[in-house]
Enquirer: 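Have a look at this one.
All values below were derived from every heavy atom in this structure, side-chain atoms included, with hydrogens, water molecules and symmetry-related copies excluded. Remember, predicted model here, so these are calculated numbers, not experimental data.
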Amino acid sequence: MLRFSVLSSGSKGNALFVESDRSRILIDNGLSLRELKRRMEAVGRDVADLDAVFLTHEHSDHVRGMKMLLGKHGIPVYATGGTFDAARRKQGVLPNAQCIQREDEITVGDLCVESFPTPHDAVESVAFVVRQGSLRLGHATDLGSSTSLVEDRLKGVDVLLIEANHDPDMLANGSYPWPLKKRVASDVGHLSNQTCADMLRVLNHDKLQKVVLMHLSAQNNRPELALNLARGALGASPVPVQVALQDRPTPMFDIQ
């Protein structure tokens, strides 16, 4: 069995908890140690029980809480060399750093974590598929566009956590300065609701158990817009779709 909770998702901090019966990992941590503990306690889990942390890239909303977490709890952290180099300029040297390749497989207990490259304006950004036996969870946020490699790695996952960052019209007409609008909308920025929906049409399959929409912009999106497009893309499929929020964790979900 796999279980997961999106502890936080958005520009103020990202963290995903995934566990099996034997192993517990975190993907990214942009939360303070105090807030991470509070949110894990809210879903009945303890930070002290984590076996590893995996980083997608070095942007602050994904690594802001790493120095305190690793300083307090001596757990290994896995990331590409480029991510570690870039994160070091913000966090200092991270203890227990374990370098991985952009395409790699790491085993933590009975979990296998597969990394693959994503198009984002970071040094060596990656996404992950977490596997336990035949069960697979795909996590892909902070990518400005889809690629054949991304879609190939996410095909057939049991649960898909995918970015639906912005509505293009809201972004174009919103308060962001032009350079930031251009960055977000670029092929190495963040996925729009429409591009997310296009990916869902490709990745939908009969055994898909759940879709979680991630990293919604508070300024340039609304949950109902993202949900309507995602559900439309899935057509008659009964798969449930949920939005992950910035201010509170999702419940703990089972994949089986």
Enquirer: Out of Thr141, Asp61, Asp142, Asp28, which one pairs with Asn14 under the side-chain hydrogen bond (donor to acceptor under 3.5 Å, both in side chains) rule?
Expert: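 Looking at Thr141, Asp61, Asp142, Asp28, the match for Asn14 under the side-chain hydrogen bond (donor to acceptor under 3.5 Å, both in side chains) is Asp61.
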
Enquirer: Between Arg89 and Glu58, is there a side-chain N and carboxylate O pair less than 4.0 Å apart?
Expert: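 The answer is no: the pair does not qualify as a salt bridge.
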
Enquirer: Can you get from Val18 to Val108 by hopping between Ile, Leu, Val, Met, Phe, Trp and Tyr side chains that sit under 4.5 Å apart?
Expert: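 Yes, because Val18 and Val108 connect within a single hydrophobic cluster, where side-chain heavy atoms sit under 4.5 Å apart.
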
Enquirer: When hydrophobic residues are tied together by side-chain contacts of less than 4.5 Å, even through go-betweens, does Val159 share a cluster with Val241?
Expert: no

Enquirer: So which atom in Phe116 and which in Val150 form the shortest heavy-atom distance, rounded to 0.1 Å?
Expert: CE1-CA, 4.0 Å

Enquirer: Would you give the length of the straight line joining atom OG of Ser237 to atom CG of Leu208, rounded to the nearest 0.5 angstrom?
Expert: 6.5 Å

Enquirer: Please determine whether residues Val77 and Phe128 belong to a single hydrophobic cluster, defined as Ile, Leu, Val, Met, Phe, Trp and Tyr linked transitively by side-chain heavy-atom distances below 4.5 Å.
Expert: no

Enquirer: Would you say the side chains of Gln242 and Thr250 form a donor-acceptor pair under 3.5 Å?
Expert: no

Enquirer: Indicate whether the side chain of Ser146 and that of Glu151 have a donor and an acceptor atom separated by less than 3.5 Å.
Expert: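 Yes, side-chain donor-acceptor contact under 3.5 Å.
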
Enquirer: Would you say that Asn96 contacts Leu70 through its side chain, given a criterion of any heavy-atom pair below 4.5 Å between the two side chains?
Expert: no

Enquirer: Show the nearest heavy-atom pair for residues Gln194 and Pro168, with the distance to one decimal.
Expert: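 Looking at all heavy atoms of both residues, the shortest contact is OE1-CD, 3.0 Å.
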
Enquirer: Please determine whether the number of non-hydrogen atoms from other residues, nucleotides or ligands lying under 6.0 Å from atom CE of Met68 exceeds 12.
Expert: no

Enquirer: Quick one: pull up CG in Leu50 and CD1 in Ile75 and give me the separation to the nearest 0.5 Å.
Expert: 5.0 Å

Enquirer: If we ignore hydrogens and angles and just use 3.5 Å, is the side chain of Asn204 paired with the main-chain N or O of Leu200 as donor and acceptor?
Expert: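 Looks like no, no N/O pair under 3.5 Å.
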
Enquirer: Stepwise, does the side chain to side chain contact (heavy atoms under 4.5 Å, CB included) test hold for Lys210 with Phe253?
Expert: CA-CA 9 Å; Lys210 191 171 189 65; Phe253 295 116; 3.4 Å; yes

Enquirer: Tell me whether the count of non-hydrogen atoms from other residues, nucleotides or ligands lying under 6.0 Å of NZ in Lys182 goes above 12.
Expert: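 Count not over threshold, so no.
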
Enquirer: Indicate yes or no: at least one non-hydrogen side-chain atom of Glu163 is less than 4.5 angstrom from one of Cys196.
Expert: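 Side chain of Glu163 against side chain of Cys196, heavy atoms only: no contact under 4.5 Å found.
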
Enquirer: Could you walk me through whether Arg153 and Glu114 satisfy the side chain to side chain contact (heavy atoms under 4.5 Å, CB included) test, starting with their C-alpha distance in whole Å, then the side-chain angles of each, then the deciding distance to 0.1 Å, before giving a yes or no?
Expert: CA-CA 9 Å; Arg153 296 302 174 84; Glu114 305 169 3; 5.5 Å; no

Enquirer: Do Met199 and Leu229 sit in one hydrophobic cluster, given that two such residues count as connected whenever their side-chain heavy atoms are within less than 4.5 Å of each other, even indirectly?
Expert: no

Enquirer: Just wondering, do Leu69 and Val47 contact through their side chains at under 4.5 Å, heavy atoms?
Expert: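 The answer is yes, as the side chains (C-beta and beyond) meet within the 4.5 Å cut-off.
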
Enquirer: Is a donor on one side and an acceptor on the other found under 3.5 Å between the side chain of Thr80 and the backbone of Ile100?
Expert: no

Enquirer: Do Asn165 and Asn221 have side-chain N/O donor and acceptor atoms under 3.5 Å apart?
Expert: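 No donor-acceptor contact under 3.5 Å links the two side chains.
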
Enquirer: With a 4.5 Å cut-off on side-chain heavy-atom distances among I, L, V, M, F, W and Y, is there a chain of contacts connecting Val6 to Leu216?
Expert: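 Hydrophobic grouping puts Val6 apart from Leu216.
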
Enquirer: Do we see a donor-acceptor contact under 3.5 Å between the side chains of Asp110 and Ser20?
Expert: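 There is such a pair between these side chains.
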
Enquirer: Taking the six-membered ring for Trp, is the centroid-to-centroid distance between His190 and His166 below 6.0 Å?
Expert: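 No.
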
Enquirer: Tell me whether Arg3 is salt-bridged to Asp21, with the criterion being a basic N under 4.0 Å from an acidic carboxylate O.
Expert: yes

Enquirer: Tell me whether Arg45 contacts the main-chain N or O of Arg39 through its side chain, where contact means a donor paired with an acceptor under 3.5 Å.
Expert: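 Such a contact is absent between Arg45 side chain and Arg39 backbone.
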
Enquirer: Any salt bridge between Glu35 and Arg38, counting N to O under 4.0 Å?
Expert: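 Yes, this pair counts.
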
Enquirer: If only atom types and distance count, is the side chain of Thr56 paired as donor or acceptor with the main-chain N or O of Val126 below 3.5 Å?
Expert: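 No, Thr56 side chain to Val126 backbone: no donor-acceptor pair under 3.5 Å.
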
Enquirer: In Å, rounded to the nearest 0.5 Å, how long is the span from CG of Asn29 to CG of Leu16?
Expert: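 Asn29 atom CG to Leu16 atom CG measures 11.5 Å (nearest 0.5 Å).
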
Enquirer: Assess whether a salt bridge exists between Arg24 and Asp49, defined as any Lys/Arg side-chain N lying under 4.0 Å from an Asp/Glu carboxylate O.
Expert: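 Not counted as a salt bridge, because no side-chain N and carboxylate O are separated by less than 4.0 Å.
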
Enquirer: Check whether Thr195 reaches the backbone of Ser145 with its side chain - one donor and one acceptor, N or O, closer than 3.5 Å.
Expert: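 No; zero donor-acceptor contacts below 3.5 Å.
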
Enquirer: Within the 4.5 Å heavy-atom criterion, are Met40 and Asp46 side-chain neighbours or not?
Expert: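 No - every pair of side-chain heavy atoms lies 4.5 Å or more apart.
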
Enquirer: Side chains of Thr83 and Val123: does their closest heavy-atom pair fall under 4.5 Å?
Expert: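 No - every pair of side-chain heavy atoms lies 4.5 Å or more apart.
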
Enquirer: Verify the distance criterion only: is there a donor paired with an acceptor across the side chains of Thr118 and Ser125 at less than 3.5 Å?
Expert: yes

Enquirer: Could you go through Arg22 and Gln132, starting from their C-alpha distance and side-chain angles, then the distance that decides it, and tell me whether this counts as side chain to side chain contact (heavy atoms under 4.5 Å, CB included)?
Expert: CA-CA 10 Å; Arg22 290 174 45 200; Gln132 197 279 324; over 6 Å; no

Enquirer: Got a second to check how far Lys72's NZ is from Leu33's CG, nearest 0.5 Å?
Expert: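 The NZ atom of Lys72 sits 7.5 Å away from the CG atom of Leu33.
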
Enquirer: Please report the shortest heavy-atom distance between Gly174 and Lys181, naming the atom on each side.
Expert: O-NZ, 3.0 Å

Enquirer: Taking all non-hydrogen atoms of both residues, which atom of Asp51 and which atom of Ser23 are closest, and how far apart?
Expert: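 In terms of heavy atoms, the two residues are closest at OD2-CA, 3.3 Å.
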
Enquirer: Verify salt bridge (Lys or Arg N to Asp or Glu O under 4.0 Å) between Arg183 and Asp121, making sure each step is shown before the conclusion.
Expert: CA-CA 8 Å; Arg183 173 191 169 252; Asp121 56 354; 2.5 Å; yes

Enquirer: To the nearest 0.5 Å, what is the distance between CZ on Phe17 and OG on Ser5?
Expert: 8.5 Å

Enquirer: Heavy atoms, side chains only, cut-off 4.5 Å: are Val212 and Ile162 in contact?
Expert: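 Heavy-atom side-chain distance check fails, nothing below 4.5 Å.
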
Enquirer: If every non-hydrogen atom of Gly30 is compared with every non-hydrogen atom of Arg64, which pair is closest and at what distance?
Expert: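 Minimum heavy-atom separation between Gly30 and Arg64: O-NH1, 3.3 Å.
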
Enquirer: Which heavy atom in Pro76 sits nearest to a heavy atom in Gln98, and how many Å separate them?
Expert: CB-CG, 4.0 Å

Enquirer: Show your working on salt bridge (Lys or Arg N to Asp or Glu O under 4.0 Å) between Arg88 and Asp85 and close with a plain yes or no.
Expert: CA-CA 5 Å; Arg88 190 176 296 121; Asp85 287 343; 2.9 Å; yes

Enquirer: Could you measure the distance from the CD atom of Gln219 to the OG atom of Ser175? Nearest 0.5 Å is fine.
Expert: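 Taking CD in Gln219 and OG in Ser175, the distance rounds to 6.5 Å.
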
Enquirer: Test Leu143 against Leu191 for side chain to side chain contact (heavy atoms under 4.5 Å, CB included), laying out the working first.
Expert: CA-CA 6 Å; Leu143 60 166; Leu191 283 187; 4.0 Å; yes

